[in-house]
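To start, the structure itself, in structure tokens.
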2 protein chains.
Amino acid sequence: MRDNKPEDLTMADIARMAGVSESTVSRALAGSELVAEKTRKRITELASAAEYTVNEGARSLRLKKTKTIEVVIPIEHHHRQHISDPFFLDMLGALADAIADRDHDMLLSKIPPWATDKRSNALVSGRADGVIIIGQGRRRDQLRDFTNAHRRVVVWGAHIDNEDYTIVGSDNRDGGRLAAAHLLSLGRKRIAFLGDVSLPEIKLRHAGYLDALQQAGVTADEGLTFNAPFDSEEAFAAAKILLDKKLDFDAIFAASDVIAMSAIAALGNAEMKVPQDVSVVGYDDIVGAAWYSPALTTVSQSIHEGGEALVRSLFARINGEATASVILPPKLIIRQSCGA
Amino acid sequence: MRDNKPEDLTMADIARMAGVSESTVSRALAGSELVAEKTRKRITELASAAEYTVNEGARSLRLKKTKTIEVVIPIEHHHRQHISDPFFLDMLGALADAIADRDHDMLLSKIPPWATDKRSNALVSGRADGVIIIGQGRRRDQLRDFTNAHRRVVVWGAHIDNEDYTIVGSDNRDGGRLAAAHLLSLGRKRIAFLGDVSLPEIKLRHAGYLDALQQAGVTADEGLTFNAPFDSEEAFAAAKILLDKKLDFDAIFAASDVIAMSAIAALGNAEMKVPQDVSVVGYDDIVGAAWYSPALTTVSQSIHEGGEALVRSLFARINGEATASVILPPKLIIRQSCGA
DNA sequence: CTGTTAGCGCGTTCAC
DNA sequence: GTGAACGCGCTAACAG
């Protein structure tokens with residue numbers, strides 16, 4: 001049982017054991033050319049035999065680099081709401097890979113940097129070299145203030161005019177258009193929209209949906225847009241309203257796969273068949289979408305590339321380079337839930 | 001645009017601005033009683049006006065405490081395999097809450113501490129005060145070595161004899177028993193098992209399943225156990241084998257909800273109805289289980305309590321206290337997929 | 001109550 | 001090639 005700091009070795013200990021100075025140990029371990037091949041080898045072997053590891057904290061302080069990136073998934077947790085959308089997990093996996101590739105650590109937080117109720121933000125307090133924020137949330141003013149004040153930040157979300165921070169995300173409007181156009185091409189005309197339009201990304205998906213309707217010469221029925229904020233449970237409830245009110249609809253475009261799945265469950269309970277009675281298209285192409293029954297037709301955000309792009313942009317900013325926003329092309333993945 | 005370290009304020013700056021010594025600033029900001037109410041107020045106001053934040057890195061070095069916990073979700077990434085099971089997301093959410101409650105940060109890693117190919121482990125290199133490892137994986141010897149060498153570690157997983165590290169997890173054997181017994185009580189006798197028995201937790205769930213069969217006087221058919229390692233895709237394939245081989249079965253006990261969902265999808269493709277033709281029970285009670293169609297009958301692991309228990313145990317160990325393993329009682333959640 | 005002194009563990013000049 | 005000295009930013013012991 002180690003981990004009792006007193007027992008932990010320091011560079012000075014290794015120096016003493018090797019009969020050299022701390023500087024030499026430091027250089028040797030860093031693989032510096034300035035140290036004789038022989039002594040370097042001796043020291044590295046000694047160090048690994050002693051299971052010595054450099055203290056990254058001290059190293060960070062000296063170098064002014066923490067080699068860690070903070071990832072924020074800002075969940076408004078009124079009621080300790082959980083990160084329940086698998087989209088986040090996919091994104092986290094992509095970010096973890098991209099960050100590890102660059103030999104950095106990943107600090108995960110659910111609290112947005114501006115909600116400084118407890119400890120201050122990691123970037124600000126020097127625990128991280130940069131921050132990736134997933135989603136623009138509902139407090140766009142605060143996000144703007146934060147991105148204005150700090151340069152080592154990138155955001156995943158919708159591309160909004162007038163925002164000058166670096167945003168990485170897919171073309172949500174085009175995604176919405178793709179989804180709705182596909183449903184229209186299948187002869188569906190009464191397409192319900194389920195999603196929280198107060199979120200920028202969803203708003204754009206909805207705009208794309210309206211674009212497609214207009215392009216097809218179909219008049220949009222506002223009564224078919226359900227823009228209450230919701231998760232699985234509320235999506236389920238929204239679908240029930242569609243049914244209970246006996247609203248006339250033949251398709252659903254859900255702003256996320258999770259919403260789509262919940263809606264399908266609600267339809268199933270009401271003995272309505274997907275896709276026979278109602279076509280459904282989701283958004284995100286989360287891992288489970290392909291294995292749902294019916295397999296979900298959805299708009300893919302290429303999350304893995306998104307994660308890589310976020311990290312690439314952030315490192316560019318850390319290095320002082322200028323960065324432009326990145327718009328990834330969405331892709332319609334046709335499976336069974338749409339009926340074609 | 002700040003974040004350019006040269007511009008960043010240090011405690012010495014604040015001291016100079018306030019006309020006091022660094023120590024006084026340090027004490028004031030720490031809310032020490034040793035400093036006069038008036039000066040403390042003056043300093044804190046000055047600091048916040050200047051947007052000064054204590055450098056946590058330096059603080060950690062001095063205090064020998066990082067106030068961060070590493071969470072490892074060891075994914076064997078032969079092919080960059082992703083963390084695709086929502087179970088991890090639920091667990092992550094629970095851990096994030098529990099860790100934030102204790103005013104610590106959470107470092108997330110996909111690489112097990114013993115796979116020291118790149119940077120050394122966070123605990124070892126002084127970037128974290130403790131480690132939580134999710135799952136025992138397939139390399140139990142290496143896990144054992146690691147837990148033997150370090151005391152500030154807790155593991156989520158199965159309770160195995162002969163292991164003396166602190167394990168938090170649900171009673172997997174009892175969970176397996178609950179699931180199988182329920183299926184048996186519904187008159188199902190040919191129950192297929194889908195899951196990777198080489199993993200300790202799954203192995204126990206399988207043992208519980210066998211227990212229940214025996215208790216009911218039903219002979220187990222080994223041909224109905226599919227123990228290949230698998231995810232969504234492979235679960236789907238396994239279910240297809242059940243069907244293609246025209247094996248005689250009337251129920252499926254899946255070792256996870258994700259597996260259950262995939263199996264249901266495969267059954268659906270073959271026009272077999274759940275639960276009419278085949279009863280299905282899953283494991284985990286992930287968030288999506290309730291909104292699946294049919295709603296999934298499953299064994300709940302009470303993940304939120306599990307996360308809290310992990311963190312509580314870890315902090316106890318960090319404080320030098322002895323800790324015992326924690327066994328959480330599983331709970332059968334009856335929904336629709338089982339047929340009762 | 002406050003200031004001075006002394007490190008925490010490391011990397012990096014600047015000498016030799 | 002190597003060592004001595006210094007400081008990254010902070011807190012804690014010791015004086016006063």
Side-chain angles (χ1 to χ4, degrees), chain A residues 4-44 46-47 50 52-67 119-120 122-129, chain B residues 4-44 46-47 50-67 119-120 122 124-129:
Chain A
N4 304 307
K5 292 285 181 185
E7 300 179 30
D8 269 356
L9 268 52
T10 151
M11 204 172 253
D13 296 323
I14 304 296
R16 206 173 310 118
M17 290 160 67
V20 295
S21 74
E22 277 189 68
S23 323
T24 304
V25 176
S26 174
R27 284 189 276 249
L29 263 33
S32 162
E33 299 289 333
L34 292 171
V35 62
E37 174 63 27
K38 263 177 62 182
T39 41
R40 188 175 68 196
K41 200 176 164 205
R42 187 163 53 90
I43 292 172
T44 50
L46 191 63
Y52 166 76
T53 324
V54 275
N55 181 318
E56 293 284 343
R59 189 165 208 275
S60 296
L61 180 59
R62 180 65 237 243
L63 262 27
K64 297 195 169 202
K65 277 193 184 174
T66 62
K67 298 196 90 173
R119 311 178 70 187
S120 58
L123 173 62
V124 177
S125 66
R127 280 170 291 154
D129 295 337
Chain B
N4 304 309
K5 292 286 182 187
E7 299 179 29
D8 268 357
L9 270 51
T10 150
M11 203 172 256
D13 296 323
I14 304 296
R16 205 173 310 118
M17 291 161 68
V20 295
S21 73
E22 277 188 67
S23 322
T24 303
V25 176
S26 174
R27 285 188 277 248
L29 263 33
S32 161
E33 299 290 331
L34 291 171
V35 63
E37 175 63 28
K38 264 177 60 182
T39 42
R40 188 176 67 194
K41 201 175 164 205
R42 187 163 53 90
I43 292 172
T44 50
L46 191 63
E51 294 190 29
Y52 166 76
T53 323
V54 180
N55 181 318
E56 292 284 342
R59 189 164 209 274
S60 295
L61 180 59
R62 180 65 238 241
L63 261 26
K64 298 197 168 199
K65 276 192 184 177
T66 61
K67 298 196 90 174
R119 312 178 69 188
S120 57
V124 177
S125 66
R127 280 169 292 153
D129 295 338

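Lettering follows sequence order; numbering is per chain, from 1. The figures that follow rest on heavy atoms only: side chains count, while hydrogens, waters and symmetry mates do not.
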Subject >> Modelled atom types, side-chain donor and acceptor of A:S26 and A:S23, under 3.5 Å >> reply: no
Original post:
Do any pairs count as a salt bridge (charged side-chain N to carboxylate O under 4.0 Å, His left out) and have a residue in residues 23-39 of chain A, sequence neighbours left out, and if so which ones?
Top reply: A:E37-A:R40
Original post:
Quick one: bend of the helix from C:dC1-D:dG16 to C:dC16-D:dG1 from 5 pairs per end, to 10°?
Top reply: 40°
What is the distance from [atom1] of [X] to [atom2] of [N], rounded to the nearest Å?
X     : N     : atom1 : atom2 : result
B:K65 : C:dG9 : NZ    : P     : 16 Å
B:K38 : C:dT2 : NZ    : P     : 10 Å
A:E37 : D:dT2 : CD    : P     : 11 Å
A:R16 : D:dA4 : CZ    : P     : 13 Å
B:I14 : C:dG3 : CD1   : C1'   : 18 Å
A:D8  : C:dC8 : CG    : P     : 14 Å

Original post:
Taking for each residue the nucleotide of DNA chain C with the nearest heavy atom, is it A:L61 or B:S21 whose nucleotide lies nearer the 5' end?
Top reply: B:S21
**OP:** Evaluate side-chain contact (heavy atoms from CB on, under 4.5 Å) for B:L29 paired with B:T44, printing each intermediate quantity in order.
**Re:** CA-CA 6 Å; B:L29 263 33; B:T44 50; 4.1 Å; yes
Can a side chain N or O of [X] be found less than 4.0 Å away from OP1 or OP2 on [N]?
X     : N     : result
B:K64 : C:dG9 : yes
B:T24 : C:dG3 : yes
B:T39 : C:dT2 : yes

Original post:
Checking all strands, does B:S60 fall into the base, sugar-phosphate, or nothing category for heavy-atom contacts under 4.0 angstrom?
Top reply: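 Counting heavy atoms under 4.0 Å across all strands, no contact is made by B:S60.
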Subject >> Pair B:R59-B:R62, side-chain contact (heavy atoms from CB on, under 4.5 Å): steps then yes or no >> reply: CA-CA 5 Å; B:R59 189 164 209 274; B:R62 180 65 238 241; 5.9 Å; no
Original post:
So A:V35 and A:T24, side-chain contact (heavy atoms from CB on, under 4.5 Å) or not? Walk me through it.
Top reply: CA-CA 7 Å; A:V35 62; A:T24 304; 3.9 Å; yes
Which atoms form the tightest heavy-atom contact between [X] and [Y], and what is the distance?
X     : Y     : value
B:M11 : B:E22 : SD-O, 4.0 Å
A:V20 : A:R42 : CG1-NH2, 4.0 Å
B:A50 : B:L9  : CB-CD2, 3.6 Å
A:V25 : A:A15 : CG2-CA, 3.6 Å

Original post:
Along nucleotides 10-16 of chain C, 5' to 3', which nucleotides get a B, which get an S, and which get a -, given that the test is a protein heavy-atom distance under 4.0 Å?
Top reply: BBBB---
